[in-house]
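Notes for the one structure printed next.
Computed over heavy atoms, backbone and side chain alike; hydrogens, waters and symmetry mates excluded.
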Amino acid sequence: MDTSTHNLSNLFAQLGLASDPTSLKDFIIAHSLNPEQKLADAPFWNASQATFLSEALSEDSDWTEIVDQLDSMLRADVKA
């Protein structure tokens, strides 16, 4: 049984990215999605990251909620 906590920091770690609060904030500020773009199709992911994000959504996995949160954060008009 998977008892790991799925939060934004753990998602970034799963994607092989720095997952400390400053790195998360910097990533969100530096990257964005246009309205028509799917999260997994963004040019800043490598192939394995894109596959993970796509599968998390298509399979309605335990990661879906936090992947959706990341998607929303990358589409925010005002980034903090």
Enclosure of E65 CD (heavy-atom neighbours >12, cutoff 6.0 Å): no
Heavy-atom side-chain contact between L8 and F27 under 4.5 Å: no
Rounded distance [0.5 Å steps], CD1 in I66 versus OG in S61: 11.5 Å
CD1 on I29 to CE on M73, rounded to 0.5 Å: 10.0 Å
Polar side-chain atom of R75 near backbone of N34 as donor-acceptor pair, under 3.5 Å: yes
Side chains of D71 and L53 in contact at under 4.5 Å (non-hydrogen atoms): no
Set of residues satisfying side chain to side chain contact (heavy atoms under 4.5 Å, CB included) with respect to S48, sequence neighbours excluded: N46
Separation of N7 CG from L24 CG (nearest 0.5 Å): 9.0 Å
Atom pair CG (L39) and CD (Q49), whose distance is rounded to the nearest 0.5 Å: 10.5 Å
Between CG on residue L17 and CG on residue L11, distance to nearest 0.5 Å: 8.5 Å
From CD (Q69) to CG (L74), nearest 0.5 Å: 10.5 Å
Within-4.5 Å side-chain heavy-atom neighbours: L57 and D68: yes
Sidechain-backbone polar pair: S23 side chain, S19 backbone, donor-acceptor under 3.5 Å: no
Nearest non-hydrogen partners of T64 and A56, listed with the distance: OG1-O, 2.7 Å
Whether H6 and W63 hold their rings parallel, tilted or perpendicular, with breakpoints at 30° and 60°: tilted
Short side-chain to backbone donor-acceptor contact, S58 and S54, under 3.5 Å: yes
